Structures are given as structure tokens and as C-alpha cells.
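Worksheet: one structure, shown below.
Each chain gets a letter, A, B and so on, in the order its sequence line appears, and its residues count up from 1. Small disclaimer: the values here were computed from a predicted structure and weren't measured.
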Amino acid sequence: MSTYTIIYDIVRQIPPGTVATYGQIAELANLPGKARLVGYALYRVAPDSDIPWHRVVNAKGTISESPERYGSDHLQRVLLEAEGVQFDRTGKIRLRDYLWTAPADRESSL
DNA sequence: CTAATGACGTAGA
DNA sequence: ATCTACGCCATTA
């Protein structure tokens with residue numbers, strides 16, 4: 001079990017139609033304040049992985065775009081919209097409506 | 001062992 | 001709202 005494995009386990013539990021922030025994942029993974037690690041971890045994830053990486057966005061509610069992603073950032077938006085997540089005209093998600101709330105019994109399923 | 005590498009968050013201007 | 005600066009660290013070559 002590596003640190004990144006923990007992060008992937010959390011991400012795998014995000015339900016369709018909802019999104020989580022990097023910071024949120026970090027805290028659930030017992031890595032408070034280390035949101036970057038979550039980003040670093042997701043960077044390693046293959047786009048065709050079984051991990052719903054597209055449900056993770058930054059605290060601003062926007063998709064973190066980067067040249068290093070070679071378009072997977074645009075794909076992320078497409079996948080989210082396919083699940084019913086709407087973006088406003090500035091490309092931001094209304095986190096208040098779609099933000100995932102981790103179930104209290106999450107730990108029992110680990 | 002060392003060096004390079006990145007999907008963030010927050011605070012202040 | 002938008003921008004800059006800085007902290008932070010596991011994984012890979």
C-alpha cells in the first residue's frame with residue numbers, strides 16, 4: 001500500500017454525478033493540507049483506468065488544465081457533463097450542488 | 001543515493 | 001473577480 005493507493009481508493013468511491021476537490025480527497029486520505037499530492041497522484045492515473053479521476057476538480061470548481069495532460073482535461077469536462085454535472089458560462093462547476101459528501105461509514109468499507 | 005517532476009490551496013494585493 | 005508567491009512531498013529515472 002503506497003500513499004497514492006490510498007488516494008485512488010478514495011477517488012474510486014466518488015459516486016457518479018458528483019465531484020470532489022483535491023483538498024477534500026487529501027483529508028479523507030489522512031493527508032490534510034497536501035492537496036497537491038492528490039493532484040500528483042491523479043497525474044499518474046491512466047485515462048482509461050477504473051478510477052473515476054474525472055470527478056476530482058480543484059477548490060475553485062474548475063478543471064485543472066495543463067499542457068501536460070494532452071487534452072485529458074477537456075475529456076474530464078465531457079465525462080462530467082455526461083453524468084449530469086453542469087458548468088456555468090465561465091467553465092466552473094457549482095460545487096454547492098454537486099460536491100460529494102463522504103459517507104460516515106466510509107472507513108468500514110476500506 | 002540524488003535530481004526532476006508535477007491535476008492544489010491559501011493569503012495578500 | 002484576478003493575479004502572484006509560496007508551502008509541500010511521493011514517485012520515478
Nucleotide C:dT11, atom C1' - distance to OH of A:Y40 in whole Å: 12 Å
Comparing A:T90 and A:G33 on DNA chain C - which has the more 5′ nearest nucleotide: A:T90
Base C:dC9 to side chain A:R36, donor-acceptor N/O within 3.5 Å cut-off: no
Point-to-point distance, once rounded to the nearest 0.5 Å, from CD1 of A:I6 to CG of A:L37: 12.5 Å
Length of the line joining A:R89:CZ and C:dA1:P, which is rounded to integer Å: 11 Å
Partner set under side chain to side chain donor-acceptor pair (under 3.5 Å) for A:E83, not counting sequence neighbours: A:H54, A:R55
Residues in contact with DNA chain B, drawn from residues 60-80 of chain A - heavy-atom cutoff 4.0 Å: A:S64, A:S66, A:E68, A:R69, A:S72
Contacts of type side chain to side chain donor-acceptor pair (under 3.5 Å), residue A:R44, not counting sequence neighbours: none
Donor-acceptor contact below 3.5 Å, side chain A:Y8 vs main chain A:L42: no
Rounded distance in Å - CD1 (A:I7) to P (B:dG6): 17 Å
d(CG, A:N58; P, B:dT10) in whole Å: 11 Å
Main-chain N/O of A:V56 paired with A:Q76 side-chain donor or acceptor, under 3.5 Å: yes
C:dC8 OP1/OP2 closer than 4.0 Å to side-chain N/O of A:K34: no
N or O in side chain of A:Y43 less than 4.0 angstrom from B:dG6 OP1/OP2: yes
Whole angstrom value for the distance that separates P of B:dC8 from OH of A:Y22: 6 Å
Separation of B:dG6 P from A:Y4 OH (nearest whole Å): 11 Å
Donor-acceptor pair (no angle test) under 3.5 Å: A:R44 side chain, B:dG6 base: no
Euclidean distance, atom CG of residue A:L37 to atom P of B:dG9 [Å, nearest integer]: 12 Å
Polar side-chain atom of A:Q13 near backbone of A:D9 as donor-acceptor pair, under 3.5 Å: yes
Spacing of A:L28 atom CG relative to B:dC8 atom P, expressed in whole Å: 18 Å
Backbone of A:Q24 reached by a side-chain donor or acceptor of A:T21 within 3.5 Å: yes
Residue-phosphate contact under 4.0 Å: A:T21 side-chain N/O, B:dC8 OP1/OP2: no
